[in-house]
Amino acid sequence: MIIPQISENLTRSGNISVPERCPLCGQETRLQDDDGVKVLYCTNPGCAAKKIKSFALFTSRDAFNIEGLSEATLEKLAEHHVIATYSDIFSLKYHRNTIVDMKGFGEKSYKKLQEAAEKAKKITPEKFIYSLGIPNIGLSTAKLIVKEYGSNIRKLLNLNAMELSSVEGIGDVIAEAYEEFFRKPSNIKLVNDLLYRAKVEIIESPLSASEKPAEGGASLAGITAVITGSLNHFGNRSELKDIIENAGGKVTGSVTKKTDFLINNDITSNSSKNQKAKELGVEIISEDDFIKKFSINV
DNA sequence: CTGACCAGGTGGAATTGGTG
DNA sequence: CACCAATTCCACCTGGTCAG
C-alpha cells in the first residue's frame, strides 16, 4: 500500500529523511524505485488509502452517521495518530490538544466532531453491520439479515453461512463472506472494542419490532418505486424511501420491468433512469403527483 | 473573501441472487 | 448456463459552510 502524503514529498523535494514506520499504522515502510521515481510503501496490506475508505464508510450517513467526519478529516486524524481503529473515533476527547492544533481546525470544529461522535454511539444493528464494511454487504442486505434474525447483536455476530443463505436475497457468496468476517480474530477484536471499549449501544431495530401496519393514507403494498433527482417535500431521498417502505412499498436503485413508478421532479431529464423508464414504459411521476396519488402525509 | 471540505446527489460498471 | 433484477461500490459533480 502506497503512502500518498509521503510519496508526494519525495517527488517534490527529492531526498528527505524517510520514516521507518508508517505514520498511519506504525508498521514498517519500504522505499521502492518505481520507474525512476522513489515511492514509499507501507508493508501493511490493510493500511493507508484502503483504511481511510473504510473509515469513511464507517462514519457515513447509512452507518454511524457522524457528521463532519469525511475522508479529508479522517486522513488528518490518522496522520496525527488520533485514529488507528474504528473505536478510536469515539475517544476524540483524549486528543483535544492535537486536534485543535491541526491545520484548519479550531476549538469549535473539535467540539462539533466530539459531540457528533458521542451522539452517534446509539445505532441500529443493521447500520452497525453495514458500518463494518463486509464485502458485498450493504445496508439492504444488512436489513434482510436483521429482519430475519432480530436485533440481538451476539446472535447476529454468530450466524453461520447456512443460516444466512436461507434468507431470501442472500446467496452463498454473501453468506460465506459474512461468516468469514466474524470468524477472523482481528475483526472479533474490532467489534468487541466498539461494544465494550467505545461503549457503542445497539438499539432495537424498527425492522425486528412487531410489524407496523401502514398508518393512515393509502397502502403502498406491492408497489416498487425508484427515486431520482432532488426532492422538495423531503430532506433527502431516504426520507421518502422510509415512508414508502413503512407503507409496505419497495424502493430500489435501478429501473427495471418490475418498477411501477420512477419518481422524478425533472420529467424531461435525459438521465439514464428516465431513458430506461421510457424504454420500458415505466410511469414517470413527479414528487407532487406521487404524494397526491397515494395521499401521503408530508 | 477565498479555498478547502462536506453533504447530498448522479450515473454506471461490476457483482450477486434467483429462475427457467 | 444464460438471463434479468437488484444491490454494491466507486468516481465524479455541485451548492453551502467555515477556518484562516
Side-chain angles (χ1 to χ4, degrees), chain A residues 5 49-50 52-79 99-113 116-117 120 126-127 129-145 147-148 161 164-178 181 222-242 244-245 249-260 262-266 269-277 279-280 282 287:
Chain A
Q5 259 67 31
K50 215 170 169 184
I52 296 298
K53 291 275 180 201
S54 65
F55 272 96
L57 180 113
F58 183 84
T59 60
S60 69
R61 196 167 26 124
D62 288 339
F64 271 83
N65 189 20
I66 303 175
E67 267 172 59
L69 253 191
S70 268
E71 265 187 54
T73 306
L74 289 166
E75 220 163 290
K76 281 186 195 164
L77 291 175
E79 267 174 55
I99 296 172
V100 170
D101 285 345
M102 274 163 37
K103 203 177 162 218
F105 279 74
E107 187 65 38
K108 197 173 170 185
S109 33
Y110 158 74
K111 263 205 113 166
K112 233 172 124 182
L113 269 189
E126 63 272 20
K127 289 188 170 188
I129 291 171
Y130 169 63
S131 78
L132 300 172
I134 307 166
N136 291 312
I137 299 190
L139 191 58
S140 300
T141 307
K143 278 182 180 172
L144 288 178
I145 296 170
K147 214 171 188 171
E148 181 71 26
L164 287 160
S165 54
S166 71
V167 178
E168 192 172 340
I170 295 178
D172 293 343
V173 174
I174 288 175
E176 268 154 35
Y178 184 101
F181 184 91
I223 296 287
T224 300
V226 174
I227 310 168
T228 192
S230 46
L231 301 171
N232 304 321
H233 297 288
F234 305 93
N236 54 49
R237 285 182 295 183
S238 47
E239 269 183 36
L240 178 55
K241 184 178 174 194
D242 285 346
I244 294 173
E245 284 177 351
K250 198 165 132 190
V251 177
T252 67
S254 44
V255 178
T256 68
K257 273 185 290 185
K258 286 197 171 175
T259 308
D260 298 300
L262 173 63
I263 303 170
N264 187 351
N265 282 325
D266 185 3
S269 154
N270 259 334
S271 77
S272 63
K273 289 197 177 85
N274 267 37
Q275 283 182 14
K276 186 89 184 178
E279 188 188 317
L280 297 172
V282 170
E287 181 188 0

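Letters A, B, ... are given to chains in the order of the sequence lines, protein chains preceding strands, and every chain is numbered from 1. This is a predicted model, so every value here is computed, not measured. Values reported hereafter were calculated over all heavy atoms of this structure, with side chains retained and with hydrogens, waters and symmetry mates removed.
- Within the model, atoms CD1 of Ile263(A) and OG1 of Thr228(A) stand 10.5 Å from one another, a figure rounded to the nearest 0.5 Å.
- The two atoms that bring Tyr178(A) and Ile129(A) nearest to each other are OH-CD1, 3.9 Å, heavy atoms only.
- Thr228(A) comes within contact range of the sugar-phosphate backbone alone, with a heavy-atom separation under 4.0 Å but no base atom that close.
- When side chains are defined from C-beta on, Thr141(A) does not count as touching Ile134(A), because their heavy atoms never get closer than 4.5 Å.
- Although no hydrogens or angles enter the test, the distance criterion places no donor-acceptor pair under 3.5 Å between the side chain of Thr73(A) and the main chain of Leu69(A).
- Taking every nucleotide of DNA chain C with any atom under 4.0 Å from a non-hydrogen atom of chain A, the first and last of them, 5' to 3', are dA5(C) to dG20(C).
- With sequence neighbours excluded, no residue forms a ring pair (Phe, Tyr, Trp, His ring centres under 6.0 Å) with Tyr110(A).
- Straight-line distance from the CD atom of Glu71(A) to the P atom of dC5(B): 11 Å, rounded to whole Å.
- One can place NZ of Lys276(A) at 11 Å from P of dG12(B), the figure rounded to the nearest angstrom.
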In the 5'-to-3' direction, what one-character label does each nucleotide of nucleotides 13-20 of chain B receive under the scheme B = base within less than 4.0 Å of a protein heavy atom, S = sugar-phosphate only, - = no such atom?
---SSS--
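- For dA7(B), neither phosphate oxygen OP1 nor OP2 lies less than 4.0 angstrom from any side-chain nitrogen or oxygen of Arg61(A).
- Contacts of Ser254(A) with the nucleic acid, taken as non-hydrogen atoms under 4.0 Å apart, include base atoms.
- Atom CG of Leu139(A) and atom NZ of Lys127(A) lie 7.0 Å apart (nearest 0.5 Å).
- Counting to the nearest Å, the P atom of dG9(B) and the CG atom of Asp62(A) are 11 Å from each other.
- In this structure, Tyr130(A) and Ser60(A) approach most closely via the heavy-atom pair CE2-OG, 4.2 Å.
- The distance from atom CG of Leu74(A) to atom C1' of dA4(B) is 15 Å, rounded to the nearest whole Å.
- Between Ile145(A) and Leu164(A) there is a side-chain heavy-atom pair separated by less than 4.5 Å.
- Looking only at distances, a side-chain donor or acceptor of Asp260(A) sits under 3.5 Å from a matching main-chain atom of Thr224(A).
- Backbone-only contact: Leu139(A) has heavy atoms under 4.0 Å from sugar-phosphate atoms and none from a base.
- Atom pair Asn264(A):CG and dT10(B):C1' shows a separation of 11 Å (rounding to whole Å applied).
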